[in-house]
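Read the structure below first, then the notes.
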Number of protein chains: 2
Amino acid sequence: MEYQEAKEKFVSTWGSLGTLWGINKAMAQIQALLFISTKPLSMEDIMEELKISRGNTSMNLRQLMDWGIVTKEIVRGERKEFFTTEKDVQELARIVAKERSRREIKPVIKVLEEVSTIKDDGTEKTKELIKQTRALKHLTDDLDTLMNKLVNQKQNWLTKSVFKLMK
Amino acid sequence: MEYQEAKEKFVSTWGSLGTLWGINKAMAQIQALLFISTKPLSMEDIMEELKISRGNTSMNLRQLMDWGIVTKEIVRGERKEFFTTEKDVQELARIVAKERSRREIKPVIKVLEEVSTIKDDGTEKTKELIKQTRALKHLTDDLDTLMNKLVNQKQNWLTKSVFKLMK
DNA sequence: ATAAACTTTCAATAATTATTGAAAGTTTAG
DNA sequence: CTAAACTTTCAATAATTATTGAAAGTTTAT
């Protein structure tokens, strides 16, 4: 496999994987492109490489910046803006985990909390609703805590965690 | 909040959350409904409760069965089929984690493996592609391993894991 | 101040994904 | 065997989500 083919394969796979970590295709592809680029890319570069429109590029770059994954770079002597992504995979994972916790998991925990604390009217179905949503809340809480703990261990968190869990 | 309101809130929240664990809205809502039901439900019951068509119900029930989350129940004296879902949240999480690993993570690891082992032609961009996709492969491998380890600890895996990681 | 270089916005459109409903298929009771 | 009860399939349609492109907005150089 040659460079160009490998690159395209990587960018498109990462793109379709976007949904797995909760972002859209173009957004994931732009990030993938920046991730393997040896230098900052301009909007033109990105549009060209991915064959997507200016508007699309602009909107998705903004989202990536909102996530804190991509940053603007000023290149001296150039008028246009350039972009780079976080290059360290562990830091990247940390950012993604934090954002997903904040955007998706926390709000769900809140709803589960509300639903699981309704008044017990003594009926079987109410008891079941309370019991099951409470269990789900505990699980979600635990997973969220675990994820945040994993991600907050600065150095080599993953390796360390895998090691600890093997004991 | 009364039972009916709480139930609807739970079902719709869990439904829109579906995307987070990689399934569609109707599928997640059906599972949510079964999860808080005190008895097996028929297709009619589900259609009625969620106001969705017979076809939709049938297709999504099949998918839930493919995932191994929902099972058919035979109710004596009844001709139609009834359905139940796994009621234990930890077992549920275990099934979901296993399936997502198999369906989504493993295939990505395979692509990363392919891309990260292309021939190094000595150019900077090829070196960067190899380096970055290799790092991503390691991360993904580690996360997958971690997830499977977590999930294979039979009793109280989550609580135990959280405890271990606090040390 | 103004024009060129660039970015953002957003209504229109395209692409994708989910849902319906009726016909075809299957199972069971008599 | 046949009709009723039930489930599945799938082409058509609806709903949702992503993308375009051109106009409006912003910044910078002169």
Side-chain angles (χ1 to χ4, degrees), chain A residues 11-34 40-67 70-85 103-104, chain B residues 11-34 40-67 70-85 103-104:
Chain A
V11 171
S12 77
T13 303
W14 206 244
S16 57
L17 188 71
T19 49
L20 201 147
W21 46 295
I23 68 179
N24 77 29
K25 201 180 77 176
M27 204 173 146
Q29 289 191 346
I30 292 172
Q31 199 276 328
L33 197 59
L34 293 172
L41 299 180
S42 69
M43 237 169 70
E44 296 287 342
D45 296 333
I46 296 168
M47 288 166 60
E48 166 98 358
E49 286 267 13
L50 302 179
K51 303 274 181 284
I52 60 176
S53 71
R54 188 173 297 283
N56 200 1
T57 309
S58 171
M59 285 163 98
N60 285 109
L61 276 171
R62 163 192 281 285
Q63 279 209 76
L64 285 164
M65 289 187 285
D66 288 348
W67 271 72
V70 162
T71 45
K72 275 187 190 165
E73 291 275 305
I74 291 157
V75 174
R76 89 174 219 123
E78 287 275 10
R79 183 123 158 220
K80 55 178 169 249
E81 297 172 329
F82 286 79
F83 301 89
T84 46
T85 189
R103 293 170 192 234
E104 295 164 311
Chain B
V11 171
S12 77
T13 303
W14 206 242
S16 57
L17 188 71
T19 50
L20 202 147
W21 47 295
I23 67 177
N24 76 30
K25 203 180 75 177
M27 204 174 144
Q29 289 191 347
I30 292 171
Q31 198 276 328
L33 197 61
L34 292 172
L41 300 180
S42 68
M43 236 168 71
E44 296 288 344
D45 295 333
I46 296 168
M47 287 166 61
E48 165 98 359
E49 285 268 11
L50 302 178
K51 303 272 180 283
I52 60 177
S53 71
R54 188 173 297 283
N56 201 1
T57 309
S58 171
M59 286 163 97
N60 284 108
L61 276 171
R62 164 192 281 283
Q63 280 210 74
L64 285 164
M65 289 187 285
D66 287 347
W67 271 72
V70 161
T71 46
K72 274 187 190 166
E73 291 274 306
I74 292 159
V75 173
R76 86 173 225 124
E78 287 274 11
R79 182 120 159 221
K80 56 177 168 245
E81 297 170 329
F82 286 79
F83 301 88
T84 46
T85 189
R103 292 169 193 236
E104 295 164 315

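Naming convention: chains lettered A, B, ... in sequence-line order (proteins, then strands); numbering from 1 in each chain.
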So, OP1 or OP2 of C:dT9: does either fall under 4.0 Å of a side-chain N or O from A:R62? yes
Are the side chains of A:M27 and A:W67 in contact, using a 4.5 Å heavy-atom criterion? yes
Anything under 3.5 Å between a donor and an acceptor, one on a side chain of residues 75-82 of chain A, the other on a protein residue two or more places apart or in another chain? List them.
from: A:E81; atom 1: OE2; to: A:K72; atom 2: NZ; distance (Å): 3.0

Rounded distance in Å - CD (B:Q63) to P (C:dT19): 11 Å
By a strict heavy-atom criterion of less than 4.0 Å, which residues belonging to residues 48-56 of chain A are in contact with DNA chain C? A:R54, A:G55
Just the rounded figure in Å: distance from P of C:dA4 to NZ of A:K80. 17 Å
Roughly how many Å is it from CE in A:M43 to P in D:dT26, rounded to a whole number? 16 Å
Rounded to the nearest angstrom, tell me the gap between atom NZ in B:K72 and atom P in D:dT7. 8 Å
I'd like a table of atom pairs between the protein and nucleotides 28-30 of chain D - only N or O on both sides, under 3.5 Å - with the distance next to each one.
from: D:dT28; atom 1: O2; to: A:R79; atom 2: NH2; distance (Å): 3.3

Select one nucleotide: of C:dT19, D:dT8, C:dT7, the one nearest the side-chain heavy atoms of B:K25. C:dT19
Rounded to the Å, how far apart are B:I46 CD1 and D:dC6 P? 15 Å
How many whole angstroms separate atom CG of B:N24 from atom C1' of C:dT16? 13 Å
Contacts satisfying salt bridge (Lys or Arg N to Asp or Glu O under 4.0 Å) that involve residues 43-58 of chain A (not counting sequence neighbours) are A:K7-A:E49, A:E44-A:R54
Measure the distance from CD on A:E73 to P on C:dT7 and round it to the nearest whole Å. 15 Å
If I take atom CZ in residue B:F82 and atom P in nucleotide D:dA5, what distance separates them, rounded to the nearest angstrom? 15 Å
What residues, two or more places apart in sequence or in another chain, satisfy side chain to side chain contact (heavy atoms under 4.5 Å, CB included) together with B:N56? B:A26, B:I52, B:S53, B:N60
Stem segments of DNA chain C by first residue number [Watson-Crick or G-U, under 3.5 Å, at least 3]: C:1-30 with D:1-30
